[in-house]
Novice: 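Next up is a structure, given as structure tokens.
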Amino acid sequence: MLAKLTRLAMPAALAVCMLAAAGCTSRSLTRAPVEDRGTNARAVPAVVADPVDVRQLPGFENAGKPGFYSVKPGDTMIRIGLENGQNWRDIVRWNNLENPNLIEVGQVLRVVPPASETQVVTRPVSPGSTAAATATPPLSAASRPASAPAAPVAAAPVAPPPPPVVASPALTGDEDVGWIWPAQGALLGGFDDAKNKGLDIGGRAGDAVIAAADGRVVYSGAGLRGYGNLIILKHNNTFLTAYAHNQTLLVKEDQAVKKGQKIAEMGNSDADRVKLHFEIRRQGKPVDPAKYLPPR
């Protein structure tokens, strides 16, 4: 009987031991590693990032000042000139740019002439001029030649001063341009400051595009996206005009043109149909050409 009980107890004890051993093994596999924090442990230095190398772009000191322009994404010198009412070549010269195709976003450019180009030149009066002749001082009493005393002359009555002349209002200076229509086709689209910065004039391919006023060509080419074959005329220090989507360009940069002169042939370059897109820019800002052109 004792032997039988012993045989029955041994498997149970063996099972208990096996379960205990498995529990010990499981605990040892999930135990967190022990970190040695003794005095002999070496401290790991913190990693310090190198300072960021921030390069200051040319002209940064003029950012936000009147007469200066900060380059935006997508800008070209041609667009900067158009947006600021200037010849893009002048802007290149004012900023001493070696390569006008290499400008960076955030770069600040001068877009108005420097003081050395805006000074008023005064001309001295020559000795032989009328002004110099009338400046001769009168003879003094001691230097007059002796003569018989002259008969007294009655003083002439003093006429009252004439009333001031009020000039009638008129266009003067840069505003007096004398615009004409640049093409004879039908008006396809009017001015919209947000969507259409000028007028769209219809026609057939090859129709004449003429200068709306006397001026000088400051751009002739296809380097401005959305305008196709483009001509830009500068008329004075206030006004530019732009003629876009042409088929053929007939004038070159820096060429003087007269009002009514044929400068291009109408086309559909970078456009969905044959048309002339015409803009008037006043100090670089687009204005409604219909307010300047004569009624048809």
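Throughout, numbering of the chain's residues begins at 1 and tracks the sequence. All figures in this text were calculated on a predicted structure; none of them were measured in a lab.
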Novice: Tell me, do Met266 and His245 make a side-chain contact under 4.5 Å, heavy atoms counted?
Specialist: no
Novice: Using 30° and 60° as the class limits, which term best fits the ring planes of Phe278 and Tyr243: parallel, tilted or perpendicular?
Specialist: tilted
Novice: Hey, could you give me the CG/CG distance between Asp174 and Asn237, rounded to the nearest 0.5 Å?
Specialist: 5.5 Å
Novice: Are any non-hydrogen side-chain atoms of Glu61 and Phe68 less than 4.5 angstrom apart?
Specialist: no
Novice: Is there a continuous path of hydrophobic side-chain contacts, each under 4.5 Å between heavy atoms, that joins Ile263 to Leu249?
Specialist: yes
Novice: Is the closest side-chain heavy-atom distance between Ile231 and Val209 below 4.5 Å?
Specialist: no
Novice: Give a yes or no on this: more than 12 heavy atoms of other residues, nucleotides or ligands lie within 6.0 Å of atom NZ of Lys262.
Specialist: yes
Novice: Are Phe239 and Val112 co-members of a hydrophobic cluster defined by side-chain heavy atoms under 4.5 Å apart?
Specialist: no
Novice: Of all residues at least two apart in sequence or in a different chain, which pass the side-chain hydrogen bond (donor to acceptor under 3.5 Å, both in side chains) check with Arg282?
Specialist: Glu175
Novice: Just wondering, do Val257 and Asp214 contact through their side chains at under 4.5 Å, heavy atoms?
Specialist: no
Novice: On a heavy-atom basis, which atom in Lys252 and which in Val217 lie closest, and how many Å separate them?
Specialist: O-CB, 3.2 Å
Novice: Quick one, Asp90 and Lys234 - any side-chain contact, counting heavy atoms below 4.5 Å?
Specialist: no
Novice: Would you give the length of the straight line joining atom OG1 of Thr238 to atom CG of Asn236, rounded to the nearest 0.5 angstrom?
Specialist: 5.0 Å
Novice: Should Leu276 and Pro182 count as side-chain neighbours, where that means a heavy-atom distance under 4.5 Å?
Specialist: yes
Novice: Here's a test for you: under side chain to side chain contact (heavy atoms under 4.5 Å, CB included), which of Asn196, Leu199, Asn246, Leu188 qualifies with His277?
Specialist: Asn196
Novice: Could you measure the distance from the CG atom of Asp207 to the NZ atom of Lys275? Nearest 0.5 Å is fine.
Specialist: 15.5 Å
Novice: Donor-acceptor check, side chain of Asn229 to backbone of Thr248, threshold 3.5 angstrom: yes or no?
Specialist: no
Novice: For Gly59 and Val108, work out which heavy atoms get closest and say how close.
Specialist: O-CB, 3.1 Å
Novice: Report yes if the side chains of Pro286 and Phe191 come closer than 4.5 Å at any heavy-atom pair, otherwise no.
Specialist: yes
Novice: Working to the nearest 0.5 Å, report the span between CH2 of Trp179 and NE2 of His235.
Specialist: 4.0 Å
Novice: Search all heavy atoms of Arg110 against all heavy atoms of Pro113 and return the closest pair with its distance.
Specialist: NH1-O, 3.7 Å
Novice: Give the cluster check for Val287 versus Leu233: same hydrophobic cluster or not, with ILVMFWY residues linked at side-chain heavy-atom distances below 4.5 Å.
Specialist: yes
Novice: About how many Å separate CG of Asn87 and CG of Asp254, when rounded to the nearest 0.5 Å?
Specialist: 7.5 Å
Novice: When rounded to the nearest 0.5 angstrom, what distance separates CG in Leu109 from CG in Leu57?
Specialist: 10.5 Å
Novice: Do Gln107 and Pro58 have side chains that approach each other closer than 4.5 Å (heavy atoms only, starting at C-beta)?
Specialist: yes
Novice: Are Ile210 and Leu250 joined in one hydrophobic group, where the rule is that I, L, V, M, F, W and Y side chains link up if heavy atoms are under 4.5 Å apart?
Specialist: no
Novice: Hey, can you pull the donor-acceptor pairs under 3.5 Å for the side chains in residues 73-83, sequence neighbours left out?
Specialist:
unit_1 : atom_1 : unit_2 : atom_2 : d
Asp75  : OD1    : Tyr69  : OH     : 3.4
Asp75  : OD2    : Tyr69  : OH     : 2.6
Asp75  : OD2    : Lys72  : N      : 2.8
Thr76  : OG1    : Arg79  : N      : 3.2
Glu83  : OE1    : Arg281 : NH1    : 3.3

Novice: Scan residues 286-296 for pairs that pass side chain to side chain donor-acceptor pair (under 3.5 Å), counting only residues two or more places apart or in two chains.
Specialist: none
Novice: Taking Gln86 for its side chain and Val111 for its backbone only, find out whether a donor-acceptor pair lies under 3.5 Å.
Specialist: yes
Novice: Would a single hydrophobic cluster contain both Ile103 and Tyr219, if residues Ile, Leu, Val, Met, Phe, Trp and Tyr are joined by side-chain heavy-atom contacts under 4.5 Å?
Specialist: yes
Novice: Of all heavy-atom pairs between Ser220 and Val251, which one has the smallest distance, and what is that distance?
Specialist: OG-O, 2.9 Å
Novice: Work out which heavy atom in Ile201 is nearest to a heavy atom in Gly185; give both atom names and the distance.
Specialist: CG2-O, 3.5 Å
